Amino acid sequence: MTNELEQLRQQLDGINEQLLDLINQRAEIAQEIGKVKNKQSINRFDPVRERKMLDELTGKNEGPFENSTIEHIFKEIFKASLELQEDDHRKALLVSRKKKPDNTVIDIKGEKVGDGNVHHVMGPCAVESYEQVKEVAQAVKNKGGKLLRGGAFKPRTSPYDFQGLGLEGLQILKKVADELDMAVVSEIVNPADIEKAADYLDVIQIGARNMQNFELLKAAGEGTKPVLLKRGMSATISEFLNAAEYIISKGNGNIILCERGIRTYEKATRNTLDISAVPILKQETHLPVMVDVTHSTGRRDLLLPAARAALAIGADGVMAEVHPDPAVALSDSAQQMDIPTFEQFMDELKSFSARTHGEPVL
Ligand code: PEP
Ligand code: MN
């Protein structure tokens, strides 16, 4: 009895080997076919041909397997062959770590975002006046910050809300940044403005509402300015990565990804901060990742804990909004920090990042 089982098993092992050999022979031929199709620019997947092969096989099938089982097994073989035909290089995104294992470090006027230290982006929601920007910028600078944010083109939910000062806003940002030796991060919403804006900006921000504005992404990719790309409010991580891919595929790999909360059913916060997106993005891409605590939480009382969470989970920096008098701010007045609150926020965050990122406690 044992002997009989042993014999049958040996037979099976032999057949397994033959199948293995045949499957690989088939794969080699499929690869050759792939090359021929490539030369002739023919689509690799040919459903008519697959159907014909399946019909021929089931027509010859004498069992004991049912036709449906035979179809199932062969469809898996066809699928594996098709995958083999696809060029691995084409499948891996340029933003992926598969393509580039080392971290991308972006030099913004000497501030090296992605180098393992934290680099924060701070400033008002919107540029309202020279005085307003200067006051905030001075406070940011006093706390060692270099990257100054401020919206000149504001993509507002309502067309009747303050839309930003436009070019004049960019001019104010540049003047203040030049005076204080800081770098400007500001949102551009129109592809036609990218070239002109390059004279005023150090980093082009592409906002959540424009994450899939493909013409804007392509225009930003054609330039050389670093891009801070925010996650769309209903975008999956895969969609976010593909948006970044639009930029890098045009030649500009200086991209900072920014998680800014996504829309969920939860109403306690303005958006839901998807904190696990940070390590996922860090693992899957070589790009720096920041967390915008202002727009994700929409709550002043959550800015510090959210920022701590961001650093603890591996973010390269935090974005937050600061206004000299938030109560009268023209946008996001509920969640911008006033200057004393900002100063305390930075002090607490610095002592925290000394623990998470090994920076000296100031
Ligand atoms: C902003 O940062 O100014 C902004 C509008 O944020 P988001 O695009 O993430 O809503
Ligand atoms: Mn805002």
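Everything numeric in this text was worked out from a predicted model, so none of it was measured. Atoms within each ligand, like the ligands themselves, are counted from 1 in listed order.
Legend: residues meeting ring-ring contact (aromatic ring centres under 6.0 Å, His included) with F352, ordered by chain and number and at least two apart, are absent.
The existence of a salt bridge linking D202 and K146 is excluded, since no basic side-chain nitrogen approaches an acidic carboxylate oxygen closer than 4.0 Å. Between D347 and K350 there is no salt bridge, since none of the side-chain N atoms of the basic residue sits less than 4.0 Å from a carboxylate O of the acidic one.
Shown in contact with G207 at under 4.0 Å from a heavy atom are these atoms of ligand 1, numbered in order with element: 8 (O). Distances below 4.0 Å separate heavy atoms of R260 from the following atoms of ligand 1: 7 (P), 9 (O), 10 (O).
With I237 as the partner, the side-chain contact (heavy atoms from CB on, under 4.5 Å) test is satisfied by one option alone out of T285, I280, I262: I280.
H295 has its closest N, O or S atom to the Mn ion (ligand 2) at the position named NE2. Restricting E321 to its N/O/S atoms, the shortest distance to the Mn ion (ligand 2) is reached by OE2. Within D332, the N, O or S atom lying nearest to the Mn ion (ligand 2) carries the name OD2.
Remark: K52 NZ is loosely packed, at most 12 non-hydrogen atoms of other residues, nucleotides or ligands lying under 6.0 Å away. Within 6.0 Å of CD on E76 lie more than 12 heavy atoms contributed by other residues, nucleotides or ligands.
For M233, the heavy-atom gap to ligand 1 stays at 4.0 angstrom or more. For R231, the heavy-atom gap to ligand 1 stays at 4.0 angstrom or more.
Looking at E187 next to ligand 1, no N or O pair under 3.5 Å apart turns up.
At a threshold of 4.5 Å between side-chain heavy atoms, the hydrophobic network of Ile, Leu, Val, Met, Phe, Trp and Tyr places L273 and V289 in one connected group.
Nearest to atom 8 (O) of ligand 1 among the protein's heavy atoms is A208 N, 2.8 Å.
Between the choices M319, R149, E321, K230, the shortest heavy-atom distance to atom 7 (P) of ligand 1 belongs to K230.
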